[in-house]
Amino acid sequence: MSRTGVTLTRFIGETEADGAADFADLLGHIGLAGKLVARDLRRAGLIDILGVTGETNVQGEAVKKLDTLANDNLIKVFQHSGLVCAIGSEEMEKPLYLPDNLPRGRYMLLFDPLDGSSNTDVNMPMGTIFSILRYNGKAGAPSDADLIRRGTEQVAAGYIMYGSSTILVFTSGQGVHGFTLEPSIGEYLLSHHAIKMPAKGSVYAANEGNYHKWDAGARQFVDYLKQADKPSGRPYSARYSGCLAADVHRLLLGGGIYLYPAEKDKPQGKLRLLYEANPLAMVVEQAGGRASTGTEDILKVAATTLHQRVPLWIGSREDVSKAESFIQGAQ
Ligand code: AHG
Ligand code: MN
Ligand code: MN
């Protein structure tokens, strides 16, 4: 049967297990928040143009404003939804546990509301990354111990990427599916069904400006990628957008590896475990890829704090395994 015209809502209704009406609703609400963020991002250029006419700091302020706006959009959509009982965000120091006077649902949501927000000023891609857990505890609000969990406990995860089009990619453990926002009707339509990433790619994404802060293994791996003696006869191509969600999206469709390694002064790297690394790791693993700290699978990393950081190596499984062999000194 042709899948043309399958909406996100219909797809989830048809593919998720019985009793998952609230899950379909949850994904629908994430889609709605994504539409609100996409709407705000489309205005960012106008704000910047106004700022450039007289203000020097306006670009920095605009970026901050959009981080906050994106976070506010997600909170507004979810706090009265009756679908979640806890929300953790990059933009909020502490989790929001829904109080007794708001309806609580059984899901817990973690997100990076605007990923790659330095791209706002230059019209480049951005994303929203989300991780969904289920609260199985007793009635009432959950606690940090319920929310701050290993990646293996996610029930669903994904991202929305705001690029030349807006695309919502998610997994609930039954493959990875992408839905492109059709702007004329405001609906997400199935555009990428059951995404499987190549076992090996020919692209790497890294902020190589940090090369001299990396460990020897990371440096040697990237040196290796640049050598031309591959079976293809060509070195890997470098593609780095400054937006993790966008870089992972490229890898998901075309293969390769993204790395944000440990650095001399940042032994845990830069990226956050709970709302950047874990959700993207679940997506990539569901598509046949891998995500690692260099020594351990991301999804197995013990979570201790909401904003904890982790070195990240993510992408095609053979590329990530090759990177691990360099990091672990086997090369
Ligand atoms: P955020 O905008 O949510 O802070 O995330 C930015 C992240 C990630 O998206 C990107 O790959 C990386 O940080 C960029 O960092 P550098 O500027 O250090 O390369
Ligand atoms: Mn981010
Ligand atoms: Mn962010």
Side-chain angles (χ1 to χ4, degrees), residues 88 90 110-112 115-116 127 129-131 133 147-154 157-159 171 197 199-201 203-225 236 240 242-245 247-252 255-331:
E90 182 192 346
L110 293 153
F111 50 75
D112 173 356
D115 176 56
I129 306 173
F130 59 91
S131 165
L133 297 128
L147 181 67
I148 298 168
R149 311 293 300 182
R150 272 191 174 78
T152 45
E153 296 189 37
Q154 296 173 108
Y159 59 86
T171 181
M197 64 194 300
K200 186 177 179 320
V203 162
Y204 74 101
N207 182 345
E208 237 178 308
N210 296 321
Y211 179 91
H212 292 289
K213 297 191 206 168
W214 298 344
D215 293 342
R219 295 198 305 269
Q220 286 161 8
F221 175 67
V222 168
D223 292 346
Y224 157 81
L225 296 179
Y236 276 45
Y240 187 70
C243 171
L244 171 65
D247 287 329
V248 167
H249 187 66
R250 175 194 286 276
L251 302 178
L252 200 65
I257 184 165
Y258 173 103
L259 48 133
Y260 212 111
E263 295 173 8
K264 281 191 187 113
D265 51 346
K266 284 191 223 157
Q268 297 309 313
K270 174 180 181 185
L271 299 171
R272 320 293 171 109
L273 176 64
L274 293 185
Y275 44 78
E276 289 179 321
N278 271 344
L280 296 176
M282 184 178 180
V283 168
V284 160
E285 287 201 5
Q286 277 289 315
R290 288 198 57 212
S292 169
T293 64
T295 54
E296 184 181 14
D297 283 345
I298 288 288
L299 294 178
K300 293 184 188 150
V301 174
T304 53
T305 59
L306 178 62
H307 300 293
Q308 101 187 50
R309 297 174 193 267
V310 72
L312 179 64
W313 302 75
I314 186 168
S316 291
R317 66 172 186 274
E318 288 180 23
D319 290 317
V320 174
S321 298
K322 187 81 176 172
E324 283 177 330
S325 71
F326 276 87
I327 297 159
Q328 294 168 21
Q331 297 289 326

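Residues take their numbers from the sequence shown, with the count starting at 1.
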Practice problem: Go through E208 and W214 one step at a time and tell me if the side chain to side chain contact (heavy atoms under 4.5 Å, CB included) criterion holds. | Solution: CA-CA 9 Å; E208 237 178 308; W214 298 344; 3.9 Å; yes
- Task: Start with the C-alpha gap between T293 and L312, add the side-chain angles, then the distance that decides, and say whether side chain to side chain contact (heavy atoms under 4.5 Å, CB included) holds.
- Result: CA-CA 5 Å; T293 64; L312 179 64; over 6 Å; no
Which is it for Y260 and L244 under the side chain to side chain contact (heavy atoms under 4.5 Å, CB included) test, yes or no, and what are the steps along the way?
CA-CA 10 Å; Y260 212 111; L244 171 65; over 6 Å; no
- Could you walk me through whether Y258 and L280 pass the side chain to side chain contact (heavy atoms under 4.5 Å, CB included) test, one step at a time? CA-CA 11 Å; Y258 173 103; L280 296 176; over 6 Å; no
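Annotation: side chain to side chain contact (heavy atoms under 4.5 Å, CB included) contacts of Q286 (sequence neighbours excluded): T171, V176. Applying the salt bridge (Lys or Arg N to Asp or Glu O under 4.0 Å) test to R272 and every residue at least two apart in sequence or in another chain returns nothing.
Atom CD in E324 sits 8.0 Å away from atom OG1 in T295 (nearest 0.5 Å). Summarising the geometry, atom CG belonging to L133 is positioned 13.0 Å from atom CZ belonging to R150; distances are rounded to the nearest 0.5 Å. Rounding to the nearest 0.5 Å places CD1 of I129 at 8.5 Å from CG of L271. For the atom pair CG (L274) and CG (L147), the distance works out to 7.0 Å, reported to the nearest 0.5 Å. Note that the NE2 atom of H307 and the CG atom of L273 stand 12.5 Å from one another [nearest 0.5 Å]. Atoms CZ and CD1, on R219 and I327 in that order, are 13.0 Å from each other to the nearest 0.5 Å.
Taking all atoms of both residues into account, the shortest heavy-atom contact from P311 to I298 is O-CD1, 3.7 Å. Minimum interatomic distance between D115 and A245 (heavy atoms only, all atoms of both residues): OD2-N, 2.9 Å. Shown here for Y275 and L110, the closest heavy-atom pair between the two residues is CB-C, 4.2 Å. The shortest non-hydrogen separation linking G201 to S316 is N-OG, 3.8 Å. Residues G127 and C243 approach most closely at N-SG, 3.8 Å, considering heavy atoms. Between R290 and V320, the closest heavy-atom pair is O-CG2, 3.5 Å.
Of the charged side-chain nitrogens involved, at least one lies within less than 4.0 Å of a carboxylate oxygen, so that E263 and K213 count as a salt-bridged pair.
Between Y204 and F221 the shortest side-chain heavy-atom distance does not fall below 4.5 Å.
Ring geometry, F326 versus Y224: the interplanar angle falls from 30° to 60°, so the pair is classed tilted.
No donor-acceptor distance shorter than 3.5 angstrom exists from the side chain of S131 to the backbone of A157, with no hydrogens or angles considered. Listed for the N207 side chain is a donor-acceptor partner under 3.5 Å among the backbone atoms of G209. A donor-acceptor contact shorter than 3.5 Å is absent between the side chain of R317 and the backbone of A199. Under a 3.5 Å cut-off, the side chain of Q154 and the backbone N or O of G151 do form a donor-acceptor pair. Within the 3.5 Å criterion, the main-chain N or O of E318 finds no donor-acceptor partner in the side chain of S321. The closest donor-acceptor contact from the side chain of D112 to the backbone of E276 lies at 3.5 Å or more, if one exists at all.
Annotation for K266: atom NZ counts as buried by contact number, over 12 foreign heavy atoms lying within 6.0 Å.
The side chain to side chain contact (heavy atoms under 4.5 Å, CB included) with V283 is formed by just one residue from the set N278, L252, I314, V248; it is L252.
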